[in-house]
Amino acid sequence: ALPISSSTSCIVPSLFTDELKHRSQCIVAHPVNPPYYIPLVELVPAPWTNPDVVKRTRALMSNIGQAPVTLNKEVNGFVLNRLQYALIMEAWRLVEDGICSPEDVDTAMVEGLAQRYSFMGIFETMHLNADGMKDYCERYGANIKTVCETQSPARDLSGDTLSVVNSAMERRVP
């Protein structure tokens with residue numbers, strides 16, 4: 001069966017393929033913008049997607065130079081946006097709570113995390129920052145949990161913080 005693909009960035013395929021005659025051929029193949037610079041493509045099958053369609057789509061994406069990741073089940077936002085949204089929400093909290101400026105948040109990303117994560121993944125970083133993954137979690141796990149417990153609830157991306165961030169970005173990128 002030939003894959004029938006959508007490139008939605010957040011909508012799980014079961015929400016729009018349920019009534020289709022050939023729903024077993026449907027899969028989301030979400031490329032990251034700009035796809036000519038960023039090779040990642042997320043593959044999200046519906047619960048009824050034929051496993052051969054998933055394999056064929058993954059092979060096709062690999063053959064054209066993309067870097068596919070396959071989700072084993074549907075989740076709102078897929079992988080990339082869930083990771084991105086976690087960063088966005090924490091950046092928002094840091095500005096809203098007066099911890100630092102939008103410019104300093106962006107500097108921490110550009111001059112820190114972005115450089116590290118441009119060549120090494122999250123789990124690889126953890127593994128290499130200690131004597132393996134288990135050692136990392138034993139050393140730093142409690143502190144990570146403590147910090148993360150302060151990172152809720154989610155904030156609205158609006159109000160005074162939006163004005164502060166918007167002004168900062170308009171100065172930086174007119």
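The figures here come from the full heavy-atom set of this structure, side chains too, leaving out hydrogens, waters and symmetry mates. On a predicted model such as this, the values are computed, not experimentally measured, just so you know.
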Decide yes or no for [X] and [Y]: does some side-chain heavy atom of the first lie under 4.5 Å from some side-chain heavy atom of the second?
X: Ile27; Y: Val54; result: yes
X: Val41; Y: Val32; result: no
X: Glu74; Y: Ser14; result: yes
X: Val165; Y: Thr161; result: yes
X: Thr146; Y: Thr150; result: no
X: Pro68; Y: Ser62; result: yes
X: Val12; Y: Phe78; result: yes
X: Phe16; Y: Val28; result: yes

Shortest non-hydrogen contact between [X] and [Y], atoms and distance:
X: Ile38; Y: Gln66; value: O-NE2, 4.4 Å
X: Val44; Y: Pro13; value: O-CG, 3.2 Å
X: Asn33; Y: Pro35; value: OD1-CD, 3.5 Å
X: Val79; Y: Glu42; value: N-OE2, 2.7 Å
X: Met109; Y: Leu87; value: CE-CD1, 4.2 Å
X: Arg56; Y: Ala1; value: NH1-O, 3.1 Å

To the nearest 0.5 Å, what is the distance between [atom1] ([X]) and [atom2] ([Y])?
X: Asn81; Y: Asn76; atom1: CG; atom2: CG; result: 9.0 Å
X: Arg82; Y: Gln84; atom1: CZ; atom2: CD; result: 13.0 Å
X: Ser5; Y: Leu60; atom1: OG; atom2: CG; result: 9.0 Å
X: His127; Y: Lys134; atom1: NE2; atom2: NZ; result: 11.5 Å
X: Asn166; Y: Glu170; atom1: CG; atom2: CD; result: 4.0 Å
X: Leu40; Y: His30; atom1: CG; atom2: NE2; result: 8.5 Å

Salt bridge or not for [X] and [Y], using N-O below 4.0 Å?
X: Asp135; Y: Arg139; answer: yes
X: Arg93; Y: Glu90; answer: yes
X: Arg172; Y: Glu103; answer: no

Does the pair Leu157 and Ile88 meet the rule for a side chain to side chain contact (heavy atoms under 4.5 Å, CB included), with working shown?
CA-CA 9 Å; Leu157 303 183; Ile88 289 170; 4.2 Å; yes
Of all residues at least two apart in sequence or in a different chain, which pass the ring-ring contact (aromatic ring centres under 6.0 Å, His included) check with Tyr117?
none
Answer yes or no: are there more than 12 heavy-atom neighbours, outside Asp131 itself, under 6.0 Å from its atom CG?
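No.
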Within 6.0 Å of CD1 in Ile11, more than 12 heavy atoms from elsewhere:
no
ILVMFWY cluster, [X] and [Y] together (side-chain gap under 4.5 Å):
X: Ile4; Y: Trp48; result: no
X: Ile64; Y: Tyr37; result: no
X: Met120; Y: Ile122; result: no
X: Met61; Y: Tyr36; result: no
X: Val75; Y: Val69; result: no

Given Ser158 and Trp92, is the side chain to side chain contact (heavy atoms under 4.5 Å, CB included) satisfied, shown in steps?
CA-CA 10 Å; Ser158 62; Trp92 200 265; 5.8 Å; no
For Val95 and Cys100: C-alpha separation, side-chain torsions, deciding distance, then whether side chain to side chain contact (heavy atoms under 4.5 Å, CB included) applies.
CA-CA 6 Å; Val95 172; Cys100 62; 5.5 Å; no
May I have all residue pairs that pass salt bridge (Lys or Arg N to Asp or Glu O under 4.0 Å) and include part of residues 105-122, sequence neighbours excluded?
none
Do any N or O atoms from the side chain of Thr49 and from the backbone of Ala46 form a donor-acceptor pair under 3.5 angstrom?
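Yes; at least one donor-acceptor contact below 3.5 Å.
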Just by distance, with hydrogens left out, do Gln25 and His22 show a side-chain donor and acceptor under 3.5 Å apart?
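Judged by distance alone, the side chains do pair up.
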When you compare the side chains of Thr17 and Arg23, does any donor N or O come within less than 3.5 Å of an acceptor on the partner?
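There is no such pair between these side chains.
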